[in-house]
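These numbers come from a predicted model, not from an experiment.
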Amino acid sequence: MTVAAGIGYALVALGPSLSLFVSVISRKPFLILTVLSSTLLWLVSLIILSGLWRPFLPLKANVWWPYALLVVTSVCFQEALRFMFWKVYKRLEDVLDSFADRISRPRLFLTDKLLIALAGGLGHGVAHAVFFCLSLLTPAFGPATFYVEKCSKVPFFLVSAIIALAFVTIHTFSMVIAFEGYAKGNKVDQVIVPVIHLAAGMLTLVNFASEGCVVGVPLLYVVASLTLVHCGKMVWQRLLESRNQSSGSQ
Amino acid sequence: MESSILDSLGVEIIGVMAPVSICMFLVVLLTYSLSVTSDPQIRTAANLIYLENPSDSATVKLEGSIENAIVFVVLVAAVTFILVLLFYYNFTKFLKHYMRFSAFFVLGTMGGAIFLSIIQHFSIPVDSITCSILLFNFTILGTMSVFAGGIPIVLRQCYMVVMGIVVAAWFTKLPEWTTWFILVALALYDLVAVLAPGGPLKLLVELASSRDEELPAMVYEARPTISSGNQGGNRGSTLRVLVGGGGGGGGVSDSTSVELQAVRNHDTNQHGRGNSHNMDYNAIAVRDTDNVDGNGDGNRDGVERSPLVASPISSEHSTAEVGMRGNVETVTDEEMSPLVELMGWGDNNSEEPRDLEESLNRGIKLGLGDFIFYSVLVGRAAMYDLMTVYACYLAIISGLGCTLILLSVYNRALPALPISIMLGVVFYFLTRLLMEPFVVGMTTNLMMF
């Protein structure tokens, strides 16, 4: 029974990404490699951040502003890293394109680029879920569960799994938005991604209040669904545009 | 619509990473589920000198573990040199029988012990006669799959992974400090043995390639059979992104392909000898290669058809190579050279590693030792926490990726352990010391970002 609960928590956090991985990513080895490297990048960023904050830990449990500072620095750092990730990807894209030219095959399609962005985002999201939720699940497989004081109605593992799911969604699709924004030079898309990330991080601070998770988690899901909708609209537009272009050019 | 190059890139890398991941995953599961029942101390070649005791002081542990690691590496090196000597004087047949015996021994005794503890732990109702018959069958099949013809490549790959799991699960019973020092020592040894002039593994690989013989070692061959499921891609190889091109052709074992290749085809299987003549020629092969793998003697008569028909049998000793002319791409399915692994089973086990070699026009082989020691590292990490497991897994996989990229650059046998093990060890301690308090402090307050 407890094993079932543990697996259930894991699937709440990672189920959607798992199905995304199986249905889309695993078909193309290159995307798997992208997921892996982006996961690794996120892990490295987490290690660096924790190295920076290590001297100040543990933070006092009843003061909220150090946590806010921590979230802000982490988000800034990770957004900077996202930009670097984009730069690296840009070079990779050039290499791939010239490689395609050399063997006289078509260059990367628009869908390919979107898929690579999706894989990169999925890597970030999975890394988030794995390190913030899954790695703490070990006790959930045992014969007990755990509640935190500030969110006393729901088991800790379930809350963290639900929050992790929201973050997986945000990370996955904001990477697509960011890559498109960088590629098109669209300022709005470039700015909206850090804003979303920061907003989501700040919303978790609501959990700091007693029973704050009742408010904080739904708000987080609002942000996540906004990301999802924006990403969907943007991709749809891009696909229509490129179809019009290709039919126009023929 | 023409398929994009994205479909085919990286097939080879994934072909190696997938089994390694499976092996590590299963070892972690094993250590997780059996950690309660496993007996506290075992005596193997890896801790001959010093038996770690949790109450010992850090200095005693440190000295003892270093001594253990040195002794283990020396043993491994000695066994490797013996193997090289035997190989040099053409005791190939003896070596092969020895490998079979090791496989039998590993699967039968160590694997049997692990199955027993699984049966006990989960209270599986099996009577002893059924169990021993099953175990015997399992073992015999595994033994036959080593250096034998007519066995589907998938089966051999599975058994390689199983052996890796069994040995790794055994090694995770070593005490903590000793494990870390042995891993680091082996990584260093691997570096020396493969790269230094006169290193035993380097000698072995050179010897084998100069004689066109199969390496007498336990080696996992990555072949596209494993990556079945995406068809229609061409076989561009990521490794060669910067070098070569991609020909057309379907993914896996059945495909129609047009290839222009220099083919070297040794067919050995008929002669127990392990090698024989080979022919070099260029062929334009336009073929339908259904069922390449099932086709045992495909490349005996395969002058015309050879390139893709490296049947499991012959490619076992033979290395059908597909060269490149112009920029025509090589077929991923050719396997070839070695990520070498040798195993020397001392009293209990002392195997040795591996290295990773590959040449431009060859597929990838990974030594069994690499599987084992990657898994040992992850299994050891699993005894601490899940977080360290993920970190170590990512580190090892990325190390393997780096090694594969280096492989395509240097085009020679490379040790697969050093980068991965070093990254794994570094990430383990970083995670344990830095990241865990950070992450735990954040999440228990339900903060995330």
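Here T39(A) is the residue among V44(A), L31(A), L137(A), T39(A) with the most heavy-atom pairs under 4.5 Å with chain B. Of the residues considered (L136(A), L115(A), V75(A)), L136(A) shows the highest number of contacts with chain B, using heavy-atom pairs under 4.5 Å. Contact tally against chain B (heavy-atom pairs below 4.5 Å) for L134(A), V148(A), V71(A): the top residue is L134(A).
Using a 4.5 Å heavy-atom cutoff, the side chains of I32(A) and M17(B) are not in contact. In this structure the side chain of F427(B) reaches within 4.5 angstrom of the side chain of I47(A), judged on heavy atoms. Taking 4.5 Å as the limit, every side-chain heavy atom of L433(B) sits out of range of all side-chain heavy atoms of R54(A). Contact of the S160(A) side chain with the M448(B) side chain is registered, since non-hydrogen atoms from C-beta on lie closer than 4.5 Å.
With a 4.5 angstrom heavy-atom cutoff, S398(B) touches chain A only via side-chain atoms. Looking at F167(A), the atoms closer than 4.5 Å to chain B (heavy atoms on both sides) all sit in the side chain, from C-beta outward. With a threshold of 4.5 angstrom between heavy atoms, L220(A) does not approach chain B through any atom at all.
In terms of heavy atoms, T444(B) sits closest to F156(A) at CA-CE1, 4.0 Å.
Expressed to the nearest 0.5 Å, how far CD1 of I13(B) lies from CZ of F30(A) amounts to 9.5 Å. One finds the CD atom of E436(B) at 11.0 Å from the OG atom of S50(A) (value rounded to the nearest 0.5 Å). Note that CG of L46(A) and CE of M387(B) are 8.5 Å apart. Values are rounded to the nearest 0.5 Å.
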